[in-house]
Amino acid sequence: LQMGLFGISEDYLEKSLSLDTLLIKDRAATFFFEASTDSMEPLISKNDVLVVDRSTRPTNDDVVVLVFENELILRKYVIVRGRPCYLANSPEYLPIEGEVADSCVVWGVVTSAIRKFR
């Protein structure tokens with residue numbers, strides 16, 4: 001079994017890689033959160049570090065941080081019949097739709113998730 005750095009050349013190893021440059025578009029509008037539930041498994045796991053951009057408007061299928069009943073929660077933003085609906089990946093969490101969804105506020109859009117292995 002042969003393993004390596006799949007297509008990374010020696011030239012690339014000499015360059016530095018900045019996570020700020022890679023993950024942050026608008027520094028003043030970017031926040032980091034740790035996921036505290038399994039609502040978005042397997043896409044986002046509990047304890048993943050989320051990069052959230054408040055300057056980005058959500059589009060269909062984005063994962064968002066949502067203000068719901070005075071709490072920040074994670075959900076997928078979808079448009080159903082012209083209205084926002086917020087879905088979890090886990091069936092244990094009910095969809096947020098209709099008038100309840102209309103009263104929710106999208107706090108920010110999740111642009112990346114960082115997962116620690118140890």
Side-chain angles (χ1 to χ4, degrees):
L1 179 66
Q2 197 173 30
M3 298 190 63
L5 293 175
F6 311 107
I8 297 177
S9 72
E10 299 259 341
D11 294 337
Y12 186 75
L13 292 176
E14 291 178 12
K15 297 177 185 175
S16 64
L17 178 63
S18 165
L19 290 178
D20 285 356
T21 303
L22 184 65
L23 301 176
I24 298 173
K25 182 175 73 173
D26 183 341
R27 180 180 230 84
T30 300
F31 296 83
F32 296 87
F33 290 96
E34 186 173 281
S36 61
T37 69
D38 62 353
S39 66
M40 296 305 294
E41 286 276 2
L43 180 65
I44 295 172
S45 297
K46 186 175 180 180
N47 300 322
D48 282 356
V49 175
L50 307 177
V51 181
V52 180
D53 187 338
R54 294 203 68 195
S55 69
T56 302
R57 296 183 68 97
T59 59
N60 208 37
D61 288 333
D62 278 347
V63 175
V64 298
V65 174
L66 183 68
V67 179
F68 177 67
E69 297 180 349
N70 295 318
E71 288 189 50
L72 295 177
I73 63 171
L74 285 178
R75 292 294 185 271
K76 185 185 299 184
Y77 173 88
V78 295
I79 300 297
V80 178
R81 292 183 292 282
R83 294 177 76 177
C85 181
Y86 305 98
L87 307 174
N89 280 354
S90 171
E92 294 179 31
Y93 299 84
L94 295 173
I96 301 170
E97 53 193 348
E99 291 179 16
V100 176
D102 292 340
S103 68
C104 293
V105 175
V106 173
W107 193 88
V109 175
V110 177
T111 59
S112 302
I114 303 165
R115 182 168 297 150
K116 293 188 238 175
F117 293 116
R118 292 183 177 210

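Only this structure's heavy atoms are used, side chains among them; waters, hydrogens and symmetry mates stay out.
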* **Heavy-atom donor-acceptor pair, Asn60 side chain to Ile79 backbone, under 3.5 Å** => yes
* **Distance-minimising heavy-atom pair for Lys25 and Ser55** => CE-OG, 4.5 Å
* Asked: Should we say atom CD of Glu34 is surrounded by more than 12 heavy atoms from elsewhere, each under 6.0 Å from it?
  -> yes
* To do: To the nearest 0.5 angstrom, please state how far the CD1 atom of Ile73 sits from the OH atom of Tyr86.
  => 10.0 Å
* Which atom pair, heavy atoms only, marks the closest approach of Ser45 to Ala35? -> O-CB, 3.5 Å
* What is the distance from atom CD1 of Ile24 to atom OG of Ser18, rounded to the nearest 0.5 Å? -> 8.0 Å
* Asked: Taking the side chain as C-beta and beyond, is there a heavy-atom pair between Val51 and Thr30 under 4.5 Å?
  -> yes
* To do: Identify the two heavy atoms, one from Val109 and one from Arg57, that lie closest to each other, and give their separation to 0.1 Å.
  => CG2-C, 4.1 Å
* Ile96 and Arg75: CA distance, side-chain angles, deciding distance, side-chain contact (heavy atoms from CB on, under 4.5 Å) verdict -> CA-CA 9 Å; Ile96 301 170; Arg75 292 294 185 271; 4.2 Å; yes
* Rounded to the nearest 0.5 Å, how far does CG of Asp48 lie from NZ of Lys116? -> 10.0 Å
* Let me know which of Leu66, Val106, Val78, Val63 forms a side chain to side chain contact (heavy atoms under 4.5 Å, CB included) with Pro58. => Val106
* From Ser103 atom OG to Glu69 atom CD, the distance as rounded to the nearest 0.5 Å -> 8.5 Å
* Which atom pair, heavy atoms only, marks the closest approach of Arg115 to Pro42? -> NH2-O, 3.8 Å
* State, to 0.1 Å, how close Arg83 and Glu99 come at their nearest heavy-atom pair, and which atoms those are. => NH2-N, 3.8 Å
* **Spatial distance of atom CG (Asn47) from atom CD1 (Ile114) [nearest 0.5 Å]** => 13.5 Å
* Heavy atoms, side chains only, cut-off 4.5 Å: are Val110 and Val65 in contact? -> yes
* Asked: Val105 and Val52: same hydrophobic cluster, using ILVMFWY side-chain contacts below 4.5 Å?
  -> yes
* **Pairwise side-chain contact, Leu74 with Val64, heavy-atom cut-off 4.5 Å (strictly under)** => no
* Asked: Can you name the one residue among Phe33, Phe68, Tyr77 that meets ring pair (Phe, Tyr, Trp, His ring centres under 6.0 Å) with Trp107?
  -> Phe33
* **Leu22 with Val49, same ILVMFWY side-chain cluster at under 4.5 Å** => yes
* To do: Would you name the heavy atoms of Tyr93 and Ala88 that are closest together and state the gap between them?
  => CB-CB, 3.5 Å
* **Met40 CE to Leu87 CG distance, which is reported to the nearest 0.5 Å** => 8.0 Å
